[in-house]
Amino acid sequence: MTVRSFIRNFKNYVTHYCSNASIHGLKFLAEKDRSILERLWWLVFLTFAIFLCASSVLTTHAKWLNSPVIVSFATSETPIYQIPFPAITICPLNKIESEQLSINATGAETMKYASLICPKAMRYVYEYAETVDEGALDFLLNISSDFEKDVWHCNMKQEYCNYDDYPNFVPTLSTDGVCFSFNSLDRSDLFTSETDLDYYDRLGIPHQPNSSWSTRYGYHLSAPLITYPRRAIATGASGGLNLILHSLKAKFDDLCGGVLDGYKIVIHHPSESPQYDQRYFLLPQNELVSVAVKPKMLRTSPEIQKYAAKDRKCFLDYERQLRFFKVYDQQNCLSECLTNYSYAKCDCVGFYMPHSRGTPICGPGSAECLRTAKNEFFIADSELQLENYKKEVSLRMDSMSGVPRERKQFRKVAKPKCNCLPSCHSLSYDVETSQIKWNWHNDFKYSGETINSTTSGISRLRVYFKDWQFMSSERNELYGESEFWANCGGLFGLFFGFSLMSVIEIVYYATLRLCCNIRKFGFGGWSGAETKEAKFSK
């Protein structure tokens with residue numbers, strides 16, 4: 001077979017395919033006796049259609065790669081009894097009782113410990129120690145108020161919130177000193193064995209009940225309605241927590257108090273380490289504060305668990321193990337990362353930070369270093385998030401355009417690089433607060449108790465769910481593989497009628513039909529056209 005014969009057969013074969021193919025427009029290119037202008041017309045529009053289709057497919061592919069996850073509302077509402085009642089952490093603004101701290105009768109060691117939570121005590125500290133020993137933690141817990149005695153009334157679901165052998169309010173260390181948590185998970189469920197919690201045992205602080213709830217799976221199926229952490233079964237004040245807190249104004253030392261009297265209140269979920277200095281509201285003395293709680297729950301569908309964490313932008317509970325916390329949570333991760341950064345910068349950690357045994361605790365001489373480390377930490381973390389966002393937007397623009405270009409090099413961000421993505425299964429609580437002056441004298445007038453309003457301050461707190469159900473959210477696939485190929489098939493069909501059958505046609509003409517033609521007409525006429533050469537070869 002000569003080259004001339006091959007070219008003639010190839011031309012006839014391609015013409016036959018174009019005349020019979022299901023792809024739109026090809027038959028006009030192969031039709032005989034058509035002018036060059038007509039062929040050029042269809043060639044231009046076919047090329048334009050292929051370009052538009054390819055651009056649309058590239059955009060869809062970039063969207064599939066860069067944004068595989070969409071957050072949407074769940075298909076049904078969630079009743080409030082399926083989630084725990086929020087943990088409530090209360091921090092007294094007056095931190096130390098006067099009888100526990102007397103400037104005239106207190107030694108240098110005591111004032112050194114007190115200066116950790118009382119900036120005014122720094123003037124009585126003559127040696128600014130860089131670190132303090134473990135005795136500082138025992139001291140802070142011992143000199144704090146006996147909070148259980150300050151709680152005159154604790155009512156949960158119209159019943160006294162008592163657990164046999166378990167405290168209602170568990171002391172916890174914070175930047176403000178000692179706070180007290182209600183409905184928070186036990187320390188054995190919150191922290192790992194590497195975390196130094198020996199001061200709880202030294203002071204004989206009992207454990208809370210074992211938890212029957214997790215952020216990912218919720219309550220155990222075998223858990224009764226009355227379980228721990230507590231859960232609400234009704235809305236409104238009658239189904240929530242009611243507290244009456246009493247304090248004697250003369251009971252506290254002005255050295256560790258400020259111009260405000262009352263309490264800081266933090267609402268958080270039971271397995272979270274609360275941020276006392278970032279998210280709180282005040283409960284003033286002689287006032288009633290009502291808190292309506294609206295839960296926010298975000299779940300992750302099983303379909304997107306196959307994606308990498310950086311693509312779905314969250315961590316599953318087994319993907320990221322923290323050193324000090326058993327439960328992964330973005331807030332817990334940031335707390336641990338701040339601890340690590342503070343230790344790297346100051347060679348010690350704050351007394352309120354989770355730490356391992358033997359880790360130096362920062363003293364009054366390291367207070368400025370801790371403040372600087374904290375500011376640097378949040379600045380560096382914000383810059384890192386901004387850096388990642390800019391890179392993501394730049395990559396998305398490049399992918400959508402389909403044209404590679406030189407990317408701008410952003411400034412390197414110094415550590416810490418915490419990589420604290422949100423948890424894939426998260427629970428938080430939005431709150432609406434209202435407060436009013438409380439004339440508690442009228443309530444206690446006939447109780448038989450004599451209360452001096454000039455020396456006593458009484459506050460009332462009500463926390464309750466706002467609605468019986470709430471609408472949760474869920475991470476789902478924006479584009480699965482089937483959706484991606486369906487979109488691509490729709491684009492191919494829209495622009496030039498290309499489908500799976502078109503692929504089969506191409507394969508058929510390139511293989512089976514070609515072989516059958518060679519067998520039937522020989523190598524001289526493999527195109528199937530009736531030529532003289534083909535007849536001669538027969």
Side-chain angles (χ1 to χ4, degrees), residues 80-91 141 147-148 154 156 161-174 178-201 203 205-232 240-241 265-276 279 293 295-298 315-318 320-336 339 352-355 422-429 463 465:
I80 57 174
Y81 61 79
Q82 291 187 3
I83 62 171
F85 193 77
I88 302 167
T89 300
I90 303 174
C91 303
L141 288 166
F147 192 74
E148 291 281 355
C154 178
M156 179 74 180
C161 43
N162 291 327
Y163 265 100
D164 295 337
D165 301 325
Y166 301 115
N168 289 317
F169 298 90
V170 178
T172 178
L173 295 174
S174 73
V178 180
C179 299
F180 302 88
S181 294
F182 175 85
N183 209 40
S184 181
L185 295 190
D186 183 64
R187 56 186 181 271
S188 61
D189 293 322
L190 276 175
F191 300 101
T192 63
S193 57
E194 190 174 349
T195 310
D196 183 11
L197 300 173
D198 295 342
Y199 55 88
Y200 278 98
D201 298 326
L203 298 176
I205 299 174
H207 286 268
Q208 293 288 86
N210 292 328
S211 172
S212 60
W213 170 83
S214 68
T215 308
R216 183 177 184 184
Y217 299 106
Y219 282 102
H220 298 166
L221 294 178
S222 59
L225 194 60
I226 306 302
T227 185
Y228 197 87
R230 301 170 177 89
R231 50 181 164 183
L241 175 69
I265 310 295
V266 184
I267 304 291
H268 57 99
H269 76 71
S271 64
E272 182 184 51
S273 174
Q275 287 301 297
Y276 310 94
R279 190 180 60 196
V293 177
K296 289 174 58 179
M297 187 166 64
L298 180 58
F315 280 124
L316 296 168
D317 51 0
Y318 57 82
R320 182 78 187 275
Q321 300 297 322
L322 299 178
R323 180 184 178 189
F324 300 122
F325 294 95
K326 282 187 176 180
V327 181
Y328 178 82
D329 178 87
Q330 187 176 40
Q331 189 58 62
N332 292 346
C333 178
L334 290 172
S335 297
E336 183 169 304
T339 298
Y352 51 87
M353 296 179 179
H355 57 274
S423 174
C424 288
H425 304 277
S426 61
L427 175 65
S428 60
Y429 302 91
V463 183
F465 282 124

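Pairs passing the salt bridge (charged side-chain N to carboxylate O under 4.0 Å, His left out) check and including a residue from residues 82-91, sequence neighbours excluded, do not occur.
The pair Arg323-Glu194 meets the salt-bridge criterion, with a side-chain N (NZ, NE, NH1 or NH2) lying under 4.0 Å from an Asp/Glu carboxylate O. Of the charged side-chain nitrogens involved, at least one lies within less than 4.0 Å of a carboxylate oxygen, so that Glu272 and Arg279 count as a salt-bridged pair.
Between His269 and Trp213, the ring planes lie perpendicular to each other; the angle is over 60°, past the 30° to 60° tilted range. Using bins of under 30°, 30° to 60° and over 60° for the plane-to-plane angle, the ring pair Phe85/Phe465 lands in the perpendicular bin.
The aromatic ring centres of Phe191 and Phe324 sit 6.0 Å or more apart.
Between Leu427 and Pro84, some side-chain heavy-atom pair lies under the 4.5 Å cut-off. Between Ile83 and Tyr219 there is no side-chain heavy-atom pair separated by less than 4.5 Å. In this structure, Val178 and Phe147 have side chains that are not in contact, with every pair of non-hydrogen atoms separated by 4.5 Å or more.
Asp317 contributes no side-chain N or O that, together with a main-chain N or O of Arg216, makes up a donor-acceptor pair within less than 3.5 Å. With Asn332 contributing its side chain and Ser273 its backbone, the two residues share a donor-acceptor pair below 3.5 Å. Formation of a donor-acceptor pair under 3.5 Å by the Asp329 side chain with backbone atoms of Ser271 is not found in this model.
When only modelled atom types and interatomic distance are considered, His268 and Thr89 share a side-chain donor-acceptor pair under 3.5 Å. Counting only N and O atoms by type, the side chains of Ser212 and Thr227 include a donor and acceptor under 3.5 Å apart.
Applying the side chain to side chain contact (heavy atoms under 4.5 Å, CB included) test to Ser214 and every residue at least two apart in sequence or in another chain returns Tyr217.
Counted within 6.0 Å of OH on Tyr199, heavy atoms from surrounding residues, nucleotides or ligands total more than 12; the atom is thus considered enclosed.
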